[in-house]
Structures are given as C-alpha cells and as structure tokens.
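Before any comments, here is the structure.
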Amino acid sequence: MTYELIVGNRLYFSWSLAAWLMLNRFDTGAKVTTTYLRPQEEGGIGPLLEAHAPARTVPTLCTPEGAVLCDSMAIAEELATRFPHAGFWPSDPLARGTARALACEMHASFRSLRSDWPVNLRVAYEAQTPPSAVASELDRLETIWTHARHVTQSQTPWLCGPYSIADAIFAPMATRLATYGFDTRPTTKDYVAAHLCDPALRRWRAMGLVSEPRMPKVERPFPERPWPGPIPRKARAVDGTDAQNTACPYSGKPVTHCLEIDGRRFGFCNAFCRGKTLADPEAWPQFMALLDRS
Ligand SMILES: N[C@@H](CCC(=O)N[C@@H](CS)C(=O)NCC(=O)O)C(=O)O
C-alpha cells in the first residue's frame with residue numbers, strides 16, 4: 001500500500017513543494033515514495049510522465065489502487081478524505097471554511113505573481129518594484145491573510161490556527177515573496193517568516209540546494225541579498241571517515257562522507273546526506289539528535 005508522489009526540481013517547482021509539504025507536514029502513517037523528475041530546459045515535464053498517463057504536470061500522486069491525481073487541490077482533498085485524523089483541514093468549522101476558501105483562491109488565482117515572479121528557492125533578490133498587476137495581487141494576499149488570521153483568531157503563525165492545507169498551498173507564495181524582496185507588510189512579513197522557519201520547508205530547500213540543477217530561464221538579473229530565512233549553522237565538508245558516529249543518522253548505513261561542526265566530525269552514508277545536512281544542519285532532527293547526544 002504505497003503512494004508515489006512525483007515532483008519536479010525542488011528549487012523552482014511551486015506546486016511540487018505544496019504537495020510534498022502535504023505529505024511531510026501531516027502524519028498520515030502511509031508509506032510514500034517520492035520520485036524527483038529532472039526535466040531538460042526545453043523538453044518539459046510531460047514526456048517524463050508517460051508511464052503515469054494522463055498526468056502531464058507535477059505534482060502527481062499515484063495511489064496504491066492506481067488512481068492518478070495530477071492536480072494539487074485534488075491531492076489535498078483526497079488526502080484529507082483518506083486520512084481524516086491527520087489534520088489536513090482545521091476541525092473548527094469557521095477555520096475549516098476559511099482555510100478551504102483561501103486554499104482554493106490560491107490555486108485558482110494570482111496568475112501575474114505566478115508568471116512574473118517564478119518560485120526560486122535558490123536566491124533572494126533586493127526588493128523589486130512589482131508590476132501593477134502583481135501589486136494588486138500582493139494587496140490581495142495581505143488582505144486575505146489578515147482576514148483569515150483575524151476571523152479564526154489564529155494563535156499560531158499559520159492562517160487558520162494549526163498548520164493546514166491552506167498553509168501548505170501558500171508556502172511557495174511565501175518563498176516567492178522572500179525571493180523578490182516583498183516580505184515587508186505586517187501580516188505578509190510574519191507569515192513569510194513563519195514559512196522560512198518551517199523545518200519541513202527548510203529540508204526541501206536544503207535538498208534542492210545540494211542536488212538540483214539550476215534552471216537559467218527562471219533566474220533574474222536582479223541584485224541579490226542573503227536568503228532571509230534562518231542563517232544555517234556553520235559546518236564544512238571534510239575528507240576521510242573519522243567521525244563520532246559509525247552509522248549514518250538517516251539510513252543507519254556505514255559512514256563514507258564527513259562534515260565538521262563546532263570542531264566535531266560526523267559522518268553520513270553518501271554525499272547527498274552530507275550535503276543536505278551542510279546546507280542547513282538544524283533542519284534535520286536525526287542529525288540534531290546525534291549532535292546533542294555526542
Ligand atoms: N493544476 C496543477 C498545475 C501543476 C503545474 O502547473 N505544474 C507545473 C510545474 S509548477 C508543471 O508541471 N509544468 C510542466 C512543465 O514544467 O513541463 C496543480 O495544481 O498541481
């Protein structure tokens with residue numbers, strides 16, 4: 001009974017991030033394998049999904065029974081129905097209705113923002129002046145985010161109380177605003193900061209930074225600024241296998257690649273495990289547990 005989630009390049013594919021968060025932010029107990037597609041610059045995703053027809057876009061979720069869900073909201077609603085106790089939607093009716101309305105608005109709208117300011121988790125730019133169509137969508141975001149927090153009296157950093165599908169679906173928008181320097185309005189600022197601090201989002205970004213090819217057509221020639229999320233703890237790659245641990249904190253396999261942090265050395269079973277940890281050590285609970293007990 002395994003689900004397969006198929007996603008695109010972790011640095012640039014917005015809906016893929018939203019669906020991945022749905023499967024990583026909520027405890028379904030389901031077994032999930034994730035397939036990461038690497039489209040060529042020109043070829044696009046479609047041809048890589050031939051085995052999963054009729055899917056032509058990512059994310060695509062294939063269920064154990066063989067249903068192919070190739071739309072983020074379909075994935076969200078199907079997961080919420082299948083796993084009613086996982087908390088995909090808030091249980092409070094007012095919060096749930098508000099979360100549903102916002103998630104659907106995100107999915108159906110914000111076309112100018114989505115085309116003019118593509119998601120790019122690799123970089124943050126100096127604040128950009130938004131084109132007018134983008135500016136009115138930015139106004140709309142501040143309005144609906146403020147509304148949701150107000151009517152649900154959210155006591156968390158999230159829109160409608162506990163983290164819900166609405167937050168997962170807005171996560172790529174939050175990173176977009178961070179990338180283009182538009183994270184300054186009161187509600188927007190706090191909400192973007194909450195997403196950038198979210199350990200799940202930090203893990204997705206760390207994996208993207210270490211493994212994904214760059215897509216030049218998404219990059220912009222704007223001056224850059226440091227990524228506005230938490231500053232990763234300093235660590236560096238080192239040669240050899242001399243480490244405080246003998247087994248990789250993620251797989252339990254023997255150590256082949258090491259890093260140094262706070263003058264101590266820790267090992268991993270491959271370059272990717274080491275790389276994702278170097279990119280953001282504190283995003284990885286298994287590594288932090290190892291660090292704390294060593
Ligand atoms: N309605 C779909 C849209 C998904 C979508 O547009 N995905 C884009 C990437 S973010 C895609 O796969 N594009 C095809 C390509 O890049 O070749 C959803 O909500 O998931």
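Read the numbers this way: they start at 1 and go in the same order the structure lists the ligands and their atoms.
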Report task. From the options F88, F83, W89, select the one residue that forms a ring pair (Phe, Tyr, Trp, His ring centres under 6.0 Å) with F26. Result -> F88
Query raised in the report: Looking at the rings of W145 and H150, which for Trp means the six-membered one, are their centres under 6.0 Å apart?
Result: no
**Report entry** Close side-chain approach of L209 to L11, heavy-atom, < 4.5 Å
**Finding:** yes
Pairs under 3.5 angstrom, nitrogen or oxygen on both sides, ligand 1 versus protein: list them out, please.
residue, atom, partner, partner atom, Å
ligand 1, 1 (N), D71, OD2, 3.0
ligand 1, 7 (N), V58, O, 2.8
ligand 1, 12 (O), V58, N, 3.0
ligand 1, 17 (O), I45, N, 2.6
ligand 1, 19 (O), S72, N, 3.1
ligand 1, 19 (O), S72, OG, 3.0
ligand 1, 19 (O), H107, NE2, 2.6
ligand 1, 20 (O), S72, N, 2.9
ligand 1, 20 (O), S72, OG, 2.7

**Report entry** D198 and R25 ion-paired at < 4.0 Å
**Finding:** yes
Query - Axial cation check for F182 ring with K189, 6.0 Å and 45° limits - result: no
Query raised in the report: Would L159 and S154 count as a side chain to side chain contact (heavy atoms under 4.5 Å, CB included) if you check the C-alpha gap in whole Å, the side-chain angles of each, and the deciding distance to 0.1 Å?
Result: CA-CA 7 Å; L159 292 175; S154 179; over 6 Å; no
